Amino acid sequence: MTNNLIAFLNSIFFHLFLLAILTIDFSIFTPKPVREKIVPIEFVSLPRMEEVRLKKSNDFLSKRIDDNIKIEKESKKTIEVNKNKLGLNSLESLRKQIEDTKLSKEKKEVQIRISLIQKRINSIWKKPALINEDIQAEIQINLAPSGEILKYEMVSSSGNKIFDDSTFRALSNISFITEVIGMDRKYFEKNFRTFNLVFKSKD
Amino acid sequence: MKFLIICLIFLSATIEAKLKIEISQGSKDLAKIAIVPFSDGKKTNIALSDLIEKNLTLFGEFKATPKNEMLSFPSSEDNFFYRDWNILKIDYAVIGNLEEKNNSEFYIEYFVFNVPLKKLILRGDITGDINELSQISKVISNRTYKAITGLEGIFNTKLAYILNPQKEIYKICVSDIDGSNEQILFESTAPLMSPSWSSDNKKLAYVSFEKGYPEIYMQDLFSGKRESIKTLGLSNSAPVWSPDNKKLAFVMSMSGNPDIYIYDLRNKKISRHTTHYGIDTEPSWSPNSKKLLFTSNRSGSPQIYELTVSSNRIKRITLDGDYNARASYFPNGKDIVLVHGNNGIFHIGTKKIRSRFINTISKTTLDESPTISPNGNIIIYATKNNSQGYLAGLTLDGKSKFTLPTKFGSVREPAWSPLMN
């Protein structure tokens, strides 16, 4: 019981000590020299106020000037960046133009060959007389680069046997599609190695 | 994962994008056909193959190969070699043989080949009398035509027409499709008009002015018996038999206003189907006997209208041109042939019922009274050359144009018979 009491009292004294350290201003025990002069209020003059105001104004203006300079610098930077971009755009458009030219050359050549093939097949296909039926038959052709027809088969029938037979009859009369001879090999492989002829009853 | 699937879809789309070339015009050349003289060692075979050739080339649908160009004369499938005909670029070959059974009866076997496809497309036989060679040739021609084109052959059908050999002489005539075997059904000093076939080919309806006013008569082709339709109107014209043979549409004027009427052949009753104060005339039946085309000037100029018989609902069909008249349906019921005029020039034209566009197909300028073949592939119409009327025709694809042999006198108003059984 005595020990507990001692322990309790010790705890209280310790807590009080902590409290004292935290709250007491020990600077009262070490007086500092007075650095400030106390000026009676009647000695704060208008010029002094003006000085303060001017200073404030100058500060503000300086800040504005700094900001403007910053903005100008950034604008210059943006212009430079845009100039560069423009240059890049021209390059891009040039590249695109070159690509388009290549494509249109291929397109042109393919279109010419298509027209020639259409003319040839139309000249040999004896379209049967059909009373106003609107039908079509689709035949897949496999060609060799020499134009030789390697294989042809019907991929979509018209539903009319006479019409289907007429398309086969037309193709049986030719062994070579000479209209593809001499074209760029790349174009041939892409477009004419395998293609479809769509025979239509209506013009 | 989703990205991969999308990539695969795009890839497959590019793979599927194959070049497709459309072919739609076709050659202007006619199909070449070789009719090889039928073999029996006698003269008869040449006559038969000649008749078949004459039939098949009648409307300019085929180009016949002359016999002196043929490399061989096969008579059966066993001795037919495709290379002999491929060299000549023949599309179809017809061969056959005759076998005499008794005095005048023959057994004929025939074959039709699709030469480029190396296929036999028809094998047939027929027995007939030597005196029926013309009929036999028509039967073989019809079957050959159907095997080649898929369309019904029309070589044994007939044409009815009005012949006006001189002033005040009018004849209703019927002939073979090539103009031969002409028979006069009726002759009059008064005008005759508008012949129309019954669908069983047994009767002809026409208009006669023999009583001083137009009256409709139905004449039996075999007995010659005539029967007129008793009506209240003073002016009856433009009779046309329905395809189901139950009715006759015609035009009657009551109080001076021509309208469309229907005469029921079973109960002899007449029903009125148009009531407009405009002129309604030239009725023509649809293939299913449910609708009628007719010409009317109710809009201010002659135009074509379609009438639904059961409801009397009328719909205008033609919108272009200042003159559209004398329309009739094609066998498919979806297209019509008509006389189409603008500024005094008249052509034969065709039109889809549901489309506005009229396709002009004849090149002569005073064309009238078109009649369509029962298979719908040929149109014959009346036209004039220096006031002389004659019959001309063309195929629907425009490849062939022809004129029928001219007659002594002016020929008008042709009417093509239905298919003969």
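Model, not experiment: these values are computed from the prediction. Here is how names work: the chains are called A, B, and so on, in the same order as the sequence lines, proteins then strands, and each is numbered from 1.
- Contact count versus chain B (heavy atoms, under 4.5 Å) is highest, among Asn196(A), Thr167(A), Thr194(A), for Asn196(A).
- Between the side chain of Asp397(B) and the backbone N or O of Ala129(A), no donor-acceptor pair lies under 3.5 Å.
- Highest contact tally toward chain A, considering only Lys89(B), Lys119(B), Glu61(B), is held by Lys119(B) [criterion: heavy-atom pairs under 4.5 Å].
- In this structure, CG on Asp134(A) lies 10.0 Å from NZ on Lys334(B), to the nearest 0.5 angstrom.
- Only the side chain of Lys399(B) comes within contact range of chain A, with at least one heavy atom under 4.5 Å from a heavy atom of that chain.
- Judged purely by atom type and a 3.5 angstrom limit, Ser27(B) uses its side chain to pair as donor or acceptor with the backbone of Ser123(A).
- When atom types are taken as modelled, the side chain of Lys200(A) and the backbone of Glu22(B) share no donor-acceptor pair closer than 3.5 angstrom.
- Taking CZ from Phe168(A) and CG from Leu117(B), the interatomic distance works out to 8.0 Å, rounded to the nearest 0.5 Å.
- Asn122(A) contributes a side-chain N or O that, together with a main-chain N or O of Gln25(B), makes up a donor-acceptor pair within less than 3.5 Å.
- Taking CD from Glu138(A) and NZ from Lys18(B), the interatomic distance works out to 8.5 Å, rounded to the nearest 0.5 Å.
- Using a 4.5 Å heavy-atom threshold, the side chains of Ile114(A) and Leu19(B) count as touching.
- Contact check for Arg169(A) versus Tyr92(B): side-chain heavy atoms found under the 4.5 Å cut-off.
- Residue Asn173(A) comes nearest to Pro116(B) through the heavy atom pair OD1-CB, 4.4 Å, listed as atom of the first residue, atom of the second, then distance.
- Counting heavy atoms from C-beta on, the side chains of Val198(A) and Ile21(B) never come closer than 4.5 Å.
- Contact tally against chain B (heavy-atom pairs below 4.5 Å) for Leu171(A), Val110(A), Asp165(A): the top residue is Asp165(A).
- With a threshold of 4.5 angstrom between heavy atoms, Lys28(B) does not approach chain A through any atom at all.
- Leu197(A) touches chain B through backbone and side chain together, each having a heavy atom under 4.5 Å away.
- Around NZ of Lys54(B), the count of heavy atoms belonging to other residues, nucleotides or ligands within 6.0 Å does not exceed 12.
- For chain B, no part of Gln136(A) is nearby; none of its heavy atoms comes within less than 4.5 Å.
- No more than 12 heavy-atom neighbours from other residues, nucleotides or ligands sit within 6.0 angstrom of NZ on Lys290(B).
- Residue contact with chain A, scored on non-hydrogen atoms closer than 4.5 Å, involves the side chain of Asn114(B) exclusively.
- Contact of Leu30(B) with chain A is made through the backbone alone, with heavy-atom distances under 4.5 Å.
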